[in-house]
Every structure is written in structure tokens, then in C-alpha cells.
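This report refers to the structure that appears directly beneath it.
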Protein chains: 2
Amino acid sequence: MLEHHTAVDRVFHALGDPVRRALVDRLSRGPASVSELARPFDLTLAAVVQHVQVLEQSGVIRTEKVGRVRTCRLEPEGLAAAESWIAQRRSLWERRFDRLGALLDEEADHDRSAPRPAPAPKKPRRQ
Amino acid sequence: MLEHHTAVDRVFHALGDPVRRALVDRLSRGPASVSELARPFDLTLAAVVQHVQVLEQSGVIRTEKVGRVRTCRLEPEGLAAAESWIAQRRSLWERRFDRLGALLDEEADHDRSAPRPAPAPKKPRRQ
DNA sequence: GTGATGCTCAAGCATGGACTTGAGTATCCG
DNA sequence: CGGATACTCAAGTCCATGCTTGAGCATCAC
């Protein structure tokens, strides 16, 4: 069922794994080779290589091989994609929440004279 | 290998699934019952219920049952946890990047007399 | 009451994906 | 040259997770 079509799909899938998040955390402090990345984990190098591939294909990191060493570094734009996906949903919801608050305030003002007019979702009144 | 100990673990795991992200997207536009959430998907209600449970346990949504209807709404703080995890790593890396840029600039100034202090990579010369 | 709606729960299946092993290749170092 | 390092690749195992089915239970509408 999982088809990681879009960039955002791939980024969230990549960040869904705790090991990969730990790699991102490490790389946020500076570039590292694959074997440096592997060192703290109780994993084979091959396993870490696979995680690195997932991160690279998602655009969260970039790697470059020089000699026999592949150096990995964070690609901030990849992370930014996920960050702003979240931020958009959260702020959309929070704006809605604010509108509702404003609406209720306004309604409270008119309350004594106005009857309940419609069951419809009402006027936004400020965005 | 997966132990979703911390809140952040659970949130990223929850957001790792495209169906659950679609649910979050829907809920960012306003609360909905479980069957409303299920409507757009080619999934059984039971499957959607399971996704809703994962989202709720991760703190990304909150649900409330009244009568026979369970209403789901976004819990912005849950999303904020993931958002700031990302933001911290990204800004840590970007600050490092800026420092490096400044250092290289400074080094370029002294360049004729100064020796190589560190095995630094290339000079990205900031952008 | 009957029937429809909106879930809830338990069991079971099937697949994705995390991980290992084992072998191979290229690079560096002395 | 030879040995060590740093991956790379292919195969295969195994388990978590996504999903379904089928049953059960309130709640609502009539």
C-alpha cells in the first residue's frame, strides 16, 4: 500500500525510523563518513549503508564519495520540506481555532437580541 | 528494533504513514468523525480506526466520543513536537554552515601568511 | 419494538522493510 | 607487492504493521 511517490512521502518515511533520525541528529553536528555513522550503533555496516541510502533518496542528506570514503552531510532543504508540511497543517488548524474564538466573542456581544439564524458554518470575519 | 519510547518517536512513526498524514491533512481543516475520515479512502472503517488510534497515542490528535460518534480533532502540540525536532537539527546544521563560511572568509583574508590549520573539506564560500 | 448507523474488538493474513551474512571491489598505506 | 580499510551488492530471514473479515454492542430514528 505504501507508494513513496512524492518528496514529502519519502522524507516522512525516512524520518519514521529511529535509527535514521539518530543519523540525522549526528549529521546535524557535522558531516561524517558511513563508518563513523555506524560506530555508535549495534548494527552491521551494511545496515547503516541502507539507512543512508534511504536518507539520500529522500533528499534529507547528500553524500559524496571520495577515494574509498563516502561522506554524508545534511541537506537542510530536505528537512525543510517535512517541517513546512507540518507547519502548514498546524497553522491552518490554529487559524481556524482563532476564527472560531473570534466568532464566539462576536456572537456573545449580540447574544441578547439575536436568535440562532443558521446551522451553517459561518462567516470567517477576519482571516 | 522499533521501540516507540519517547513522544517524538511516536509522532514520527505516526506521520510516517501516508494514510495517517492524509488524516492529519483532513483534520487540519476541521474536526471530523471516524466515518467521515474514512469516506475518501478505499479502506474499511476498522482500518481507519486503527490509524486514528495510532495518531491519538502519538498525541497528534485528540478524540472524544459522544453518543455513538467519535469526533477527532488535531492536537497542535503533538505536531509541534516533530516540527521543532526538525527545526533544531536543521538550524544546528545551518549555524555550523554559517560559522564555517565566516571562518573561511576570515582565513581567505590571512591566506598568504596562514598555514593549514585543519583538514577542512573544500571552501563552499557560502551562498 | 425493528432497522440502520457508528463504532469496537479479536483473529488472522500478507507484505514491506530492517537486518544479517557472505562475497566482491576499490582504495590507501607501508 | 600484501594487508587493512571502507564500502558495495545480492540473497535471504524475520518480524512489525497495515489491512481485512466477522462478530458484537450501543445509539439513534421511526
Side-chain angles (χ1 to χ4, degrees), chain A residues 1-6 9-27 30-58 60-73 119, chain B residues 1-6 8-27 30-58 60-73 119 121:
Chain A
M1 288 285 109
L2 283 263
E3 307 174 28
H4 298 308
H5 281 319
T6 78
D9 279 344
R10 283 190 292 271
V11 173
F12 275 107
H13 172 247
L15 295 180
D17 183 276
V19 171
R20 286 193 290 265
R21 275 202 313 285
L23 295 180
V24 168
D25 188 48
R26 166 62 187 82
L27 288 174
S33 71
V34 177
S35 33
E36 276 168 15
L37 287 178
R39 200 109 52 209
F41 295 96
D42 188 19
L43 287 176
T44 60
L45 184 66
V48 174
V49 167
Q50 287 166 21
H51 282 303
V52 164
Q53 285 168 354
V54 171
L55 285 169
E56 183 165 24
Q57 282 162 18
S58 76
V60 168
I61 71 172
R62 177 166 50 90
T63 78
E64 186 193 8
K65 188 159 186 178
V66 56
R68 46 181 181 168
V69 175
R70 177 171 298 277
T71 300
C72 309
R73 67 190 64 234
Chain B
M1 287 288 110
L2 282 264
E3 306 174 28
H4 298 308
H5 281 319
T6 76
V8 171
D9 280 344
R10 282 189 294 270
V11 173
F12 275 107
H13 173 247
L15 295 180
D17 183 275
V19 171
R20 286 194 289 265
R21 275 201 313 284
L23 295 179
V24 167
D25 188 48
R26 164 64 187 81
L27 289 175
S33 71
V34 177
S35 32
E36 279 167 12
L37 287 178
R39 201 107 56 207
F41 294 97
D42 188 21
L43 287 177
T44 60
L45 184 66
V48 174
V49 167
Q50 286 166 21
H51 283 303
V52 164
Q53 285 169 353
V54 171
L55 284 169
E56 183 165 26
Q57 283 163 17
S58 76
V60 168
I61 71 172
R62 179 166 48 92
T63 78
E64 187 192 9
K65 188 160 187 178
V66 58
R68 47 184 178 166
V69 175
R70 178 171 298 276
T71 300
C72 310
R73 66 191 65 235

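Note that the structure is predicted; figures quoted are calculated from it, not measured. Side-chain atoms are counted along with the backbone in the values below, which use heavy atoms only and exclude waters and symmetry mates. Here is how names work: the chains are called A, B, and so on, in the same order as the sequence lines, proteins then strands, and each is numbered from 1.
Nucleotide C:dC19 holds its C1' atom 12 Å from the CZ atom of A:Arg20, rounded to whole Å. Atom pair A:Arg10:CZ and C:dG16:P shows a separation of 17 Å (rounding to whole Å applied). Following rounding to the nearest Å, B:Arg39 (CZ) and C:dG6 (C1') show an atom-to-atom distance of 11 Å. A straight line from CD of A:Gln53 to P of C:dG17 spans 14 Å, rounded to a whole angstrom. Atom pair A:Arg68:CZ and C:dC28:P shows a separation of 7 Å (rounding to whole Å applied). A straight line from CG of A:Asp42 to C1' of C:dA18 spans 14 Å, rounded to a whole angstrom. Between the CZ atom of A:Phe12 and the P atom of C:dG17 there is a distance of 17 Å, given to the nearest Å. If you measure from atom CZ of A:Phe41 to atom P of C:dT20, you get 12 Å, rounded to the nearest angstrom.
B:Arg26 and B:Ala32 get closest at one heavy-atom pair: NH2-CB, 3.4 Å. Residues B:Cys72 and B:Val34 share a closest heavy-atom pair of SG-CG2, 4.1 Å. Nearest heavy-atom pair across B:Leu55 and B:Ala14 is CD2-CB, 4.1 Å. Taking each heavy atom of B:Leu15 and A:Phe12 in turn, the nearest pair found is O-CB, 3.6 Å.
When side chains are defined from C-beta on, B:Leu37 counts as touching B:Leu27, because their heavy atoms get closer than 4.5 Å. When side chains are defined from C-beta on, A:His13 does not count as touching A:Gln57, because their heavy atoms never get closer than 4.5 Å. B:Arg21 places a side-chain heavy atom less than 4.5 Å from the side chain of A:Asp9.
Picking from C:dC7, D:dA6, C:dT21 the nucleotide with the shortest atom distance to the side chain of B:Ser33 gives C:dC7. Here the side chain of A:Arg70 is nearest to one of D:dG18, D:dC7, C:dC19, namely D:dC7. Here the side chain of B:Val69 is nearest to one of D:dT17, C:dC7, D:dC19, namely C:dC7. Distance from the side chain of B:Leu43 is smallest to D:dT20 among C:dT21, C:dG6, D:dT20. In this structure, the nucleotide among D:dC19, D:dC7, C:dG6 sitting nearest to the side chain of B:Ser35 is C:dG6.
Distances shorter than 4.0 Å separate some side-chain N or O of A:Thr44 from OP1 or OP2 on C:dT20. Within the structure, a side-chain polar atom (N or O) of A:Lys65 is placed less than 4.0 Å from OP1 or OP2 of D:dT8.
Near DNA chain D, meaning a heavy atom under 4.0 Å from it, residues 45-52 of chain A has A:Leu45, A:Ala46 in order of number.
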